[in-house]
Amino acid sequence: MSADLILKYFPDITEKQKEQFEKLENLYAEWNQKINVISRKDMDALYEKHILHSLGIAKVMPFAENTKVLDIGTGGGFPGIPLAILFPDTHFTLVDSIGKKITVVNAVAEGLELQNVKTYHARAEQINEKFHFVVSRAVTQMPVFLTWLKGKFEKENFNPKHNGVLYLKGGELAEELAGIKAEVFNLKNYFEGEFFDTKKVVYISKGHV
């Protein structure tokens, strides 16, 4: 599986973006040998389980130019790095509390010459900037996650949806989202393959955080 998988679902990407997506495999393979951020099994399915999965957010929210996005608990750079390739005019801030993961993210962003990515080795609560959207990939239970976001949102709205949270999550969510006003998008409606059968993007407007 390769960058062709990305082209299948995002046929309008430029030649430069295609090259950046293609480079991801070697960059992660090289860094993963030094600092393990992706399981060996998942490296074989990097484009499906990490890159395309991250881009599920793009199917729900095509970020406008100059949107500011915070990726909390980015790990090896997901969903932030694939989204930063797809939206070069959007500003991404990738945060993780584990320093060695940020080392990998910095190296990958540098290897791709991404100009729209900055990183912090920090906890979410330590970030004092404001953003239009916060993205993440199943770092914790949603009620806990929402407590980290107080005061993190910009007032101005200029995207198709109000500023808020876009959270990649799998499995049964009814219990976890009880009492939270959320919109749930099933990724199986956008991408083929068994992996996406239970995967979702949860959107919560900042007014309900």
Main-chain N/O of [Y] paired to [X] side chain as donor or acceptor, under 3.5 Å:
X: N159; Y: A64; answer: yes
X: E25; Y: L27; answer: no
X: N116; Y: A84; answer: yes
X: D89; Y: E65; answer: no
X: N32; Y: I38; answer: yes
X: Q20; Y: L112; answer: yes
X: T67; Y: F63; answer: no
X: K100; Y: V37; answer: no
X: K101; Y: V95; answer: no
X: D96; Y: G75; answer: yes

For F131 and F92, what are the C-alpha separation, side-chain angles and deciding distance, and is it a side chain to side chain contact (heavy atoms under 4.5 Å, CB included)?
-> CA-CA 9 Å; F131 302 87; F92 290 88; over 6 Å; no
Would Y47 and L52 count as a side chain to side chain contact (heavy atoms under 4.5 Å, CB included) if you check the C-alpha gap in whole Å, the side-chain angles of each, and the deciding distance to 0.1 Å?
-> CA-CA 6 Å; Y47 282 94; L52 191 60; 6.0 Å; no
Taking atom types as modelled, is there a side-chain donor on T103 or N106 under 3.5 Å from an acceptor on the other?
->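 T103 vs N106: no donor-acceptor pair found between side chains.
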Are Y120 and E129 linked by a side-chain donor-acceptor pair shorter than 3.5 Å?
->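 A donor-acceptor contact under 3.5 Å links the two side chains.
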Should we say atom [atom1] of [X] is surrounded by more than 12 heavy atoms from elsewhere, each under 6.0 Å from it?
X: K188; atom1: NZ; result: no
X: E183; atom1: CD; result: yes
X: E113; atom1: CD; result: no
X: K16; atom1: NZ; result: no
X: H162; atom1: NE2; result: no

Taking only Lys NZ, Arg NE, NH1 and NH2, and the carboxylate oxygens of Asp or Glu, determine whether [X] and [Y] approach each other closer than 4.0 Å.
X: E176; Y: K169; value: yes
X: E125; Y: K150; value: no
X: K18; Y: E22; value: yes

Quick one: pull up [atom1] in [X] and [atom2] in [Y] and give me the separation to the nearest 0.5 Å.
X: L7; Y: Q17; atom1: CG; atom2: CD; answer: 10.0 Å
X: W148; Y: I127; atom1: CH2; atom2: CD1; answer: 12.5 Å
X: F78; Y: L46; atom1: CZ; atom2: CG; answer: 5.5 Å
X: L24; Y: I51; atom1: CG; atom2: CD1; answer: 4.5 Å

Tell me, please, whether F153 has K155 positioned over its six-membered ring: NZ or CZ under 6.0 Å from the ring centre and within 45 degrees of its axis?
->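 No, cation not above the ring by the 6.0 Å, 45° rule.
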Ring-face cation of K59 near F185 (centre distance under 6.0 Å, axis angle within 45°) |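 No, K59 and F185 do not form such a contact.
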Can you find a heavy atom in the side chain of [X] that is under 4.5 Å from one in the side chain of [Y]?
X: I180; Y: H208; answer: no
X: H91; Y: N66; answer: yes
X: K161; Y: M61; answer: yes
X: L70; Y: L149; answer: no
X: F196; Y: E48; answer: yes

Tell me, with the steps shown, if K68 and E154 meet side chain to side chain contact (heavy atoms under 4.5 Å, CB included).
-> CA-CA 9 Å; K68 291 186 284 188; E154 291 278 11; 2.5 Å; yes
Using the ring centroid of each side chain, check whether [X] and [Y] are separated by less than 6.0 Å.
X: H53; Y: F195; value: yes
X: Y190; Y: Y9; value: no
X: F158; Y: H132; value: yes

Parallel under 30°, tilted from 30 to 60°, perpendicular over 60°: which one fits the rings of Y167 and F145?
->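 Tilted, since the angle between the ring planes falls between 30° and 60°.
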